[in-house]
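Shown next, in structure tokens, is the structure this report addresses.
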Amino acid sequence: MGCEKIKNNALPGFNGCLLAEYLSWRSGSLGLGSSARSAREDSWLKSLFVRKVDPRKDAHSNLLAKRETSSLYKLQFHNVKPECLEAYNKLCQEVLPKIHEEKHYPCALVGTWNTWYGEQDQAVHLWRYEGGYPALNEVMSKLRQNKEFTEFRKERGNMLLSRKNQLLLEFSFWNEPVPRDGPNIYELRSYQLRPGTMIEWGNYWARAIRFRQDSNEAVGGFFSQIGQLYMVHHLWAYKDLQTREDIRNAAWHKPGWDELVYYTVPLIQEMESRIMIPLKISPLQ
């Protein structure tokens with residue numbers, strides 16, 4: 001039976017050539033037992049709908065990260081005892097700028113915040129190590145010999161309930177996180193992706209980011225290398241919560257944004273949003 005004839009009588013929405021192929025295949029399987037024929041039929045139908053994944057020739061970190069820089073980022077989350085948050089902030093504002101400004105430390109404080117909405121009594125710090133892992137090792141080695149920092153860590157530890165960190169790389173298509181004037185609020189949107197989907201996420205967001213540049217709200221985009229894996233963090237800046245709402249709603253009126261959201265949502269296992277207020281020492285105000 002020809003493909004053209006099948007097309008005229010095919011079910012709506014079903015490809016006529018596939019139907020012809022299926023009928024031809026099925027006629028050849030009629031001689032099989034019912035259980036074998038059922039298994040073979042199920043296998044053929046699954047082959048129509050199962051997504052094919054192309055084998056990758058390189059790590060996603062090499063394919064997605066900025067090649068013109070070798071910067072490594074560290075994201076710290078500190079859950080502070082509620083009664084200690086004010087003292088914690090004061091201590092950080094005394095010590096962290098000294099590390100940031102020390103020329104012999106190849107690192108820079110990108111931003112430091114308290115969480116306003118989200119997990120309460122939480123501090124978030126973002127550091128950049130200019131030179132990758134060797135720079136990180138150099139800074140850590142020098143800080144271990146810094147008596148002031150040793151005392152700072154000891155005093156800070158008495159104020160904390162828990163802490164965690166992640167080492168991140170920067171998406172090649174995102175904005176460089178550079179100091180900005182305030183006042184602003186910041187949103188850190190964190191996505192736990194399904195393992196194996198980072199390349200797919202990057203491909204979609206390389207197009208999606210252009211929809212979110214009109215108001216200069218995009219600060220930086222990162223993905224994890226050490227710590228909780230397959231984590232993505234998008235950092236945004238807004239004047240206030242109403243401006244955030246207006247900008248996000250405006251994106252839905254741009255042709256193509258809805259399609260990119262439609263395809264990226266299935267890649268996500270879990271997501272979280274934090275609204276954060278910068279400390280006075282933060283380069284991102």
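No experiment lies behind these values; they were computed from the predicted model shown.
Side-chain contact check for N89 and Q93: no donor-acceptor pair (N or O, by modelled atom type) lies under 3.5 Å. With no hydrogens or angles considered, a side-chain donor-acceptor pair links Q122 and N79 at under 3.5 Å. Between the side chains of D240 and T243, at least one donor-acceptor pair of N or O atoms lies under 3.5 Å. H100 and Y105 are not linked by any side-chain donor-acceptor pair at a separation below 3.5 angstrom, with hydrogens and angles left out of the test.
Two different hydrophobic clusters hold M276 and L109 under the rule that ILVMFWY side chains link at heavy-atom gaps under 4.5 Å. Follow the hydrophobic side-chain contacts under 4.5 Å out from F77 and you never reach Y88; the two are in separate clusters. Under the 4.5 Å side-chain heavy-atom criterion for ILVMFWY residues, a single connected hydrophobic cluster contains both W257 and M271. Using a 4.5 Å cut-off between side-chain heavy atoms of Ile, Leu, Val, Met, Phe, Trp and Tyr, with links allowed through other members, V139 and L96 fall into the same hydrophobic cluster. Under the 4.5 Å side-chain contact rule for hydrophobic residues, L267 and V265 share a cluster.
In summary, of the residues considered (Y191, F173, F223), a ring pair (Phe, Tyr, Trp, His ring centres under 6.0 Å) with W201 occurs for Y191 alone. Exactly one of E170, H233, Q225 qualifies for a side chain to side chain contact (heavy atoms under 4.5 Å, CB included) with Y73. That residue is E170.
Counting only distance, with no hydrogens or angles, the side chain of R244 and the backbone of E187 share no donor-acceptor pair below 3.5 Å. One N or O on the side chain of N175 and one on the backbone of A218 form a donor-acceptor pair closer than 3.5 Å. For N114 (side chain) and I277 (main-chain N/O), no donor-acceptor pair under 3.5 Å exists by modelled atom type. The backbone N or O of Q213 lies less than 3.5 Å from no partner atom in the side chain of N216, so there is not a single donor-acceptor pair. Although no hydrogens or angles enter the test, the distance criterion places a donor-acceptor pair under 3.5 Å between the side chain of T264 and the main chain of V261. Judged purely by atom type and a 3.5 angstrom limit, E102 uses its side chain to pair as donor or acceptor with the backbone of H104.
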Give the C-alpha distance, both sets of side-chain angles, the deciding distance and a yes or no for side-chain contact (heavy atoms from CB on, under 4.5 Å) between M231 and L193.
CA-CA 6 Å; M231 284 292 298; L193 302 187; over 6 Å; no

Between E155 and L91, does a side-chain contact (heavy atoms from CB on, under 4.5 Å) hold up when you go through it step by step?
CA-CA 9 Å; E155 187 175 354; L91 184 64; 3.8 Å; yes

Assess the residue pair Q269 and R194 against the criterion (side-chain contact (heavy atoms from CB on, under 4.5 Å)); give the C-alpha distance rounded to whole Å, side-chain angles, the decisive distance to 0.1 Å, and a yes or no.
CA-CA 6 Å; Q269 285 187 334; R194 292 190 293 108; 3.4 Å; yes

Could you go step by step and tell me if R274 and E272 meet the salt bridge (charged side-chain N to carboxylate O under 4.0 Å, His left out) rule?
CA-CA 7 Å; R274 290 176 176 86; E272 181 178 7; 3.7 Å; yes

Show the numbers, then the answer: is there a side-chain contact (heavy atoms from CB on, under 4.5 Å) between N165 and L75?
CA-CA 5 Å; N165 59 26; L75 185 61; over 6 Å; no

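Between the NE2 atom in H78 and the OG1 atom in T115 there is a gap of 12.0 Å [rounded to 0.5 Å]. How far CG of L229 is from OG of S224: 5.0 Å, rounded to the nearest 0.5 Å. We find the CG-OG1 distance between L284 and T112 to be 10.5 Å, quoted to the nearest 0.5 Å. The distance from atom CG of L279 to atom NE2 of H125, rounded to the nearest 0.5 Å, is 7.0 Å. Here the CD1-CZ distance, from I247 to F211, works out to 16.0 Å after rounding to the nearest 0.5 Å. We find the CZ-SG distance between R156 and C92 to be 7.0 Å, quoted to the nearest 0.5 Å.
Across all non-hydrogen atoms, the minimal contact from I281 to P97 is CG2-CG, 3.7 Å. When every heavy atom of S282 is checked against every heavy atom of V110, the shortest pair comes out as OG-O, 4.4 Å. Residues E148 and V95 come closest through the heavy atom pair OE2-CG2, 4.5 Å.
Annotation: side chain of V232 is not in contact with side chain of Q192 (no heavy-atom distance under 4.5 Å). A heavy-atom distance below 4.5 Å is not found between the side chains of Q76 and R163. When side chains are defined from C-beta on, L72 does not count as touching R128, because their heavy atoms never get closer than 4.5 Å. The shortest side-chain heavy-atom distance between N146 and K142 does not fall under the 4.5 Å cut-off. Between P82 and Q120 the shortest side-chain heavy-atom distance does not fall below 4.5 Å. By the 4.5 Å heavy-atom criterion applied to side chains, Q166 and Q228 are counted as neighbours. Residues I185 and W116 meet the side-chain proximity criterion, which asks for heavy atoms closer than 4.5 Å. Side-chain contact between V219 and W236 is absent, with no heavy-atom pair separated by less than 4.5 Å.
Atom CD of E83 has more than 12 heavy atoms from other residues, nucleotides or ligands within 6.0 Å. For N249, the CG atom sits in a packed shell: over 12 heavy atoms of surrounding residues, nucleotides or ligands are nearer than 6.0 Å. When the shell of 6.0 Å around CZ of R153 is examined, it contains 12 or fewer heavy atoms from other residues, nucleotides or ligands. Under a cut-off of 6.0 angstrom, the local environment of CD in E130 is crowded, with over 12 non-hydrogen atoms contributed by other residues, nucleotides or ligands. Other residues, nucleotides and ligands contribute at most 12 non-hydrogen atoms within 6.0 Å of the CD atom of E270.
For an aromatic pair to be called close, the ring centres must be under 6.0 Å apart, and Y186 with W113 satisfies this. Checked against the 6.0 Å centroid threshold, W174 and F222 do not count as a close aromatic pair.
Residue pairs meeting the ring-ring contact (aromatic ring centres under 6.0 Å, His included) criterion with at least one member in residues 126-158, sequence neighbours excluded: F149-F152. Applying the ring-ring contact (aromatic ring centres under 6.0 Å, His included) test to residues at least two apart or on different chains, the pairs with a partner in residues 261-285 are Y204-Y263. Counting only residues at least two apart or on different chains, the salt bridge (Lys or Arg N to Asp or Glu O under 4.0 Å) pairs with a member in residues 203-227 are R212-E217, D214-K254.
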